[in-house]
Amino acid sequence: MENSSGKLAHWLAFYLCKGLGVKTLLALAQNQPLECLFELNHEQLVECGLSSQIASNLLATDWRQVDYYQTLIAQSDITAINYFDSPLYPPLLKEVASAPLLLFCRGNLELLNSPQIAIVGSRHATPSGLEIAAEFAHQLTLAGLTVTSGMALGIDGAAHKGALAGNGKTIAVLGTGVDVYYPKRHKLLTDKVCEHGLLVSEFLPGTAANGNNFPRRNRIISGLSLGVLIVEAQIKSGSLITVRYALEQNKEVFAVPGSIKNPLSEASHFLIKQGAKLVENVSDILDEVSFSCQNSLYNIEKAPTNEPTCEVLCSVGFEVTAVDVIVQRSQWPIDKVQARLLDLELEDRVERVLDGYIRVR
């Protein structure tokens with residue numbers, strides 16, 4: 001288990017050591033097991049490559065504080081996942097330049113390594129924006145993707161609710177400890193995400209809301225995801241921080257357009273001008289990430305190759321899906337796809353419409 005043995009104490013000690021991060025620990029790990037550092041004196045630590053100040057900080061570790069957090073983690077049913085030797089640490093997040101040393105989690109840990117799309121936007125979204133965020137989230141989960149957001153009021157909350165509405169999966173990356181309710185009005189939503197999805201934070205249990213923490217958590221939101229969808233936001237908003245991280249991480253950026261008279265359309269229109277993909281329905285996202293899902297570090301379960309009907313059905317969305325898109329997603333020849341679509345139509349599982357097919361059930 002992730003929290004067992006004295007190893008967690010060592011990771012907490014590294015976490016609490018001011019100035020010591022993943023980059024430095026990676027360099028140190030080239031020469032010796034990291035737990036051996038606690039057996040060295042100041043001179044030896046400096047010889048290993050630590051600065052004099054960081055060596056002093058490590059030697060001054062408050063082990064009572066470490067014990068306190070270790071107990072709190074156990075009592076709060078929190079799992080601490082470390083960068084170095086945990087199989088649960090998401091590979092995509094490891095690629096982030098400032099990847100967190102520890103992730104504190106409550107909920108379904110398997111979701112960390114599921115294919116994810118982040119949905120972000122304004123805390124003061126319009127009713128239309130909230131509806132759009134919830135609908136996109138719902139449709140994405142139906143397509144087998146996990147929806148990731150930040151539990152903030154507005155678009156974030158709508159995205160989590162939309163994902164949960166269809167028993168879909170969602171991850172909330174928090175700017176507080178995973179045992180802290182923030183904002184307070186999302187207490188029930190936080191409990192539901194913990195029960196049916198996953199709460200994640202790089203901040204220690206008990207960490208209260210702090211304005212400086214929220215921009216930091218945004219790099220994790222984008223780092224976990226294949227792409228980021230922005231629904232409504234102004235140019236100067238925290239959502240653009242997430243988008244900036246996404247661009248730095250070479251992730252896909254999607255934007256929902258809006259009225260030119262709505263100030264909350266500014267960010268989407270700006271991003272579209274800069275090359276973000278304009279999206280009107282979930283197919284616009286799935287067209288871009290389907291290849292990534294099948295070929296990335298994620299392991300996506302596909303239907304057995306002797307069941308093309310299931311393969312084809314999984315490739316049809318609950319929105320209008322063109323035949324060529326179904327062919328691309330299923331990786332089946334067009335003649336077989338058309339034959340299976342007819343079977344599915346006769347079984348009332350899909351419906352043929354003007355521009356393609358719609359999944360009925």
Side-chain angles (χ1 to χ4, degrees), residues 107-108 111-112 114-175 182-183 185-201 214 217-234 237-243 245-246 251-258 264-265 267-268 271 276-277 279-286 289 317-319:
N108 183 358
L111 295 184
L112 275 176
S114 65
Q116 301 164 44
I117 293 293
I119 298 181
V120 297
S122 175
R123 286 176 168 80
H124 308 289
T126 65
S128 175
L130 297 175
E131 181 181 350
I132 289 169
E135 181 62 22
F136 266 95
H138 179 61
Q139 295 291 338
L140 285 167
T141 60
L142 290 176
L145 290 158
T146 298
V147 171
T148 300
S149 197
M151 193 54 79
L153 298 174
I155 296 298
D156 287 19
H160 292 306
K161 291 173 185 175
L164 293 170
N167 295 318
K169 304 303 181 185
T170 186
I171 295 176
V173 183
L174 308 181
Y182 184 84
R185 71 177 77 172
H186 274 176
K187 182 180 186 299
L188 179 60
L189 180 59
T190 301
D191 286 338
K192 285 188 175 181
V193 172
C194 185
E195 182 180 356
H196 301 288
L198 179 67
L199 302 175
V200 178
S201 178
F214 293 98
R217 66 95 196 264
N218 291 347
R219 82 189 191 288
I220 300 177
I221 293 175
S222 59
L224 288 170
S225 307
L226 295 170
V228 174
L229 170 65
I230 187 163
V231 179
E232 282 187 339
Q234 292 181 301
S237 75
S239 302
L240 268 292
I241 297 175
T242 308
V243 170
Y245 281 126
K251 303 296 179 69
E252 299 285 351
V253 176
F254 307 98
V256 177
L264 293 176
S265 299
S268 288
L271 291 170
K277 179 164 183 178
V279 296
E280 297 173 301
N281 55 59
V282 77
S283 291
D284 294 328
I285 297 175
L286 298 178
V289 302
F318 287 85
E319 72 296 328

For this session: Could you pull out all residues at least two apart from Gln234 that satisfy side chain to side chain contact (heavy atoms under 4.5 Å, CB included)?
Result: Pro263, Leu264, Glu266

Exercise. Under a 4.5 Å cut-off applied to non-hydrogen side-chain atoms, are Ile285 and Phe136 in contact?
Worked result: yes

Exercise. Who are the side chain to side chain contact (heavy atoms under 4.5 Å, CB included) partners of Ser268, not counting sequence neighbours?
Worked result: Ile230, Ala255

For this session: Using side chain to side chain contact (heavy atoms under 4.5 Å, CB included) as the criterion, list what pairs up with Lys192, not counting sequence neighbours.
Result: Leu164, Leu188

For this session: Keeping to residues at least two apart or across chains, list the side chain to side chain donor-acceptor pair (under 3.5 Å) pairs with something in residues 153-167.
Result: Ser149-Asp156, His160-Thr170

Seminar exercise, completed: When rounded to the nearest 0.5 Å, the distance separating CG of Asp191 from CG of Leu199 is 8.5 Å

For this session: Applying side-chain hydrogen bond (donor to acceptor under 3.5 Å, both in side chains), name anything that partners Ser237, two or more places apart in sequence or on another chain.
Result: none

Seminar exercise, completed: Sorted by chain and residue number, the side chain to side chain contact (heavy atoms under 4.5 Å, CB included) partners of Ala133 (sequence neighbours excluded) come out as Ile119, Ile155, Ala158, Val231

For this session: Please name all residues satisfying side-chain hydrogen bond (donor to acceptor under 3.5 Å, both in side chains) with Ser201, sequence neighbours left out, ordered by chain then number.
Result: none

Exercise. ring-ring contact (aromatic ring centres under 6.0 Å, His included) with Tyr245: which residues, sequence neighbours excluded?
Worked result: none

Exercise. Is a side-chain N or O of Lys277 found less than 3.5 angstrom from the main chain of Glu252, in a donor-acceptor match?
Worked result: no

For this session: Starting at CE of Met151, measure out to CG of Leu153 and round the result to the nearest 0.5 Å.
Result: 10.5 Å

Exercise. Sequence neighbours excluded, which residues qualify as salt bridge (Lys or Arg N to Asp or Glu O under 4.0 Å) partners of Asp284?
Worked result: none

Problem set entry | Spatial distance of atom OG (Ser225) from atom CD1 (Ile220) [nearest 0.5 Å] | 11.0 Å

For this session: Evaluate the side-chain proximity of Val228 to Ile221: yes if any heavy-atom separation is below 4.5 Å, no if none is.
Result: no

Exercise. Of all heavy-atom pairs between Val279 and Pro257, which one has the smallest distance, and what is that distance?
Worked result: O-CD, 3.4 Å

Exercise. Looking at CD1 of Ile132 and OG1 of Thr126, how far apart are the two atoms once the value is rounded to the nearest 0.5 Å?
Worked result: 7.0 Å

Exercise. Just how far is it from atom CG of Leu229 to atom CG of Leu140, taken to the nearest 0.5 Å?
Worked result: 7.5 Å

Problem set entry | Pairwise side-chain contact, Val256 with Glu232, heavy-atom cut-off 4.5 Å (strictly under) | no

Exercise. Heavy-atom distance under 4.5 Å between the side chains of Pro115 and Leu145, does that happen here?
Worked result: yes

For this session: Just jot down the side-chain hydrogen bond (donor to acceptor under 3.5 Å, both in side chains) partners of Thr141, sequence neighbours excluded, or say none.
Result: none

Exercise. Under 3.5 Å, side chain of Ser239 to main-chain N/O of Gly121, donor-acceptor pair present?
Worked result: yes

Problem set entry | Partner residues of Arg217 under the salt bridge (Lys or Arg N to Asp or Glu O under 4.0 Å) criterion, sequence neighbours left out | none

Seminar exercise, completed: In short, Ser114 meets Thr146 closest at the heavy-atom pair OG-OG1, 2.8 Å

For this session: To the nearest 0.5 Å, tell me how far His124 NE2 sits from Leu130 CG.
Result: 12.0 Å

